[in-house]
Asks: 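Please read through the structure below; I'll follow up with questions.
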Amino acid sequence: MDLISHALFALILNQRFDLWVIVGSLLPDMDKLYTYPKKRFFRSESHTFIGEIPFASMFVFALSFLSPYFGPYLFSMAFGYMSHILLDFLAGETKPFRPFLKDKVDFNLGMKGKLALGAAIWLIGLNLYGGEIWISGRRLLG
Ligand SMILES: [Zn+2]
C-alpha cells in the first residue's frame, strides 16, 4: 500500500490523531531504500524482513517495553508500525514469517479490491483526521 494509506489506516485504528503513530506507520517502508535500488518493486519482494511479523513483533515489543522510560511516543510508534504490517498483510502479498519461513500469503484482492480498500481508507481517514493533518502540517512548516 502507499504511504498515505498506511498513515491514515494507522490513525483510523488509533482513533485519534497522533504524529508518532504516523511516524511508526511509515517506518516499515524504510527498507524500500534497500529494495528499490535493487529494482525489487513488487509484491513481497519490495519488503525485507523488517516489514514482516517476526521482526515487527520484537521491534514493537522493545518499543512498548521502553515506552514507560522514554515516553508514550514510543508506544505510539509501535502501534503505527504494527498497523503497517497488518495492512500489508491484508492488502498485499507478504512472506509473513520471513526470515524463518519463505511461504507467501496473498488474499488476492486484485487491483479493483486494492483500489477500493485504498479509497475507503483515504475517504474515512481524511474525513476523520484531514483537519488535524492540515493544521499540524502547517505548524511543522512554520
Ligand atoms: Zn509496506
Side-chain angles (χ1 to χ4, degrees), residues 1-68 70-141:
M1 283 303 237
D2 61 284
L3 292 176
I4 294 171
S5 294
H6 276 300
L8 293 172
F9 184 67
L11 290 178
I12 292 167
L13 291 186
N14 194 48
Q15 299 186 352
R16 66 180 181 82
F17 181 80
D18 184 339
L19 209 53
W20 291 105
V21 167
I22 296 176
V23 170
S25 77
L26 304 180
L27 277 184
D29 273 347
M30 288 295 105
D31 59 6
K32 306 267 194 252
L33 297 173
Y34 170 80
T35 54
Y36 277 16
K38 295 188 182 308
K39 302 201 183 338
R40 287 161 45 186
F41 304 116
F42 301 111
R43 306 172 71 83
S44 63
E45 295 308 315
S46 70
H47 257 303
T48 64
F49 68 94
I50 76 160
E52 305 294 6
I53 293 169
F55 176 85
S57 306
M58 287 185 290
F59 185 64
V60 161
F61 177 75
L63 288 178
S64 307
F65 181 75
L66 295 171
S67 185
F70 293 97
Y73 72 94
L74 285 181
F75 187 82
S76 296
M77 276 174 63
F79 188 90
Y81 201 98
M82 222 53 211
S83 79
H84 184 117
I85 307 298
L86 176 66
L87 184 56
D88 275 356
F89 179 73
L90 294 175
E93 179 195 272
T94 53
K95 294 179 182 172
F97 300 107
R98 177 168 42 192
F100 305 113
L101 293 171
K102 302 267 190 274
D103 301 79
K104 291 177 184 172
V105 175
D106 189 346
F107 296 111
N108 291 312
L109 287 185
M111 192 47 93
K112 278 184 187 168
K114 287 177 189 173
L115 281 173
L117 180 64
I121 291 171
W122 278 52
L123 281 174
I124 295 167
L126 288 174
N127 247 305
L128 292 173
Y129 303 106
E132 284 168 288
I133 292 169
W134 177 254
I135 291 166
S136 55
R138 289 189 56 152
R139 207 177 287 143
L140 279 175
L141 298 173

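Atoms within each ligand, like the ligands themselves, are counted from 1 in listed order.
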Asks: May I ask you to check whether K104 and T94 show a side-chain donor-acceptor distance below 3.5 Å?
Replies: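 No - no donor-acceptor pair under 3.5 Å links their side chains.
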Asks: For the residue pair F55 and F49, categorise the inter-ring angle as parallel (less than 30°), tilted (30 to 60°) or perpendicular (more than 60°).
Replies: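 Rings of F55 and F49: perpendicular, as their planes differ by over 60°.
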Asks: Checking one value in my table: which N/O/S atom of D29 lies closest to the Zn ion (ligand 1)?
Replies: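 Of all N, O or S atoms in D29, the Zn ion (ligand 1) lies closest to OD1.
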Asks: Examine all N, O or S atoms of H84, backbone included, and report whether one is under 2.8 Å from the Zn ion (ligand 1).
Replies: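 Within the cut-off used here (under 2.8 Å), H84 does place an N, O or S atom near the Zn ion (ligand 1).
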Asks: Applying side-chain hydrogen bond (donor to acceptor under 3.5 Å, both in side chains) as the test, list every pair that has at least one member in residues 13-27; sequence neighbours left out.
Replies: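 Counting only pairs at least two positions apart or across chains, the side-chain hydrogen bond (donor to acceptor under 3.5 Å, both in side chains) contacts touching residues 13-27 are D18-S76.
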Asks: Output the atom name for the N/O/S atom of D88 with the smallest distance to the Zn ion (ligand 1).
Replies: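 Result for D88 and the Zn ion (ligand 1): OD2.
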Asks: For F107, does the CZ atom sit with more than 12 other heavy atoms under 6.0 Å from it, leaving out its own atoms?
Replies: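 More than 12 within 6.0 Å, yes.
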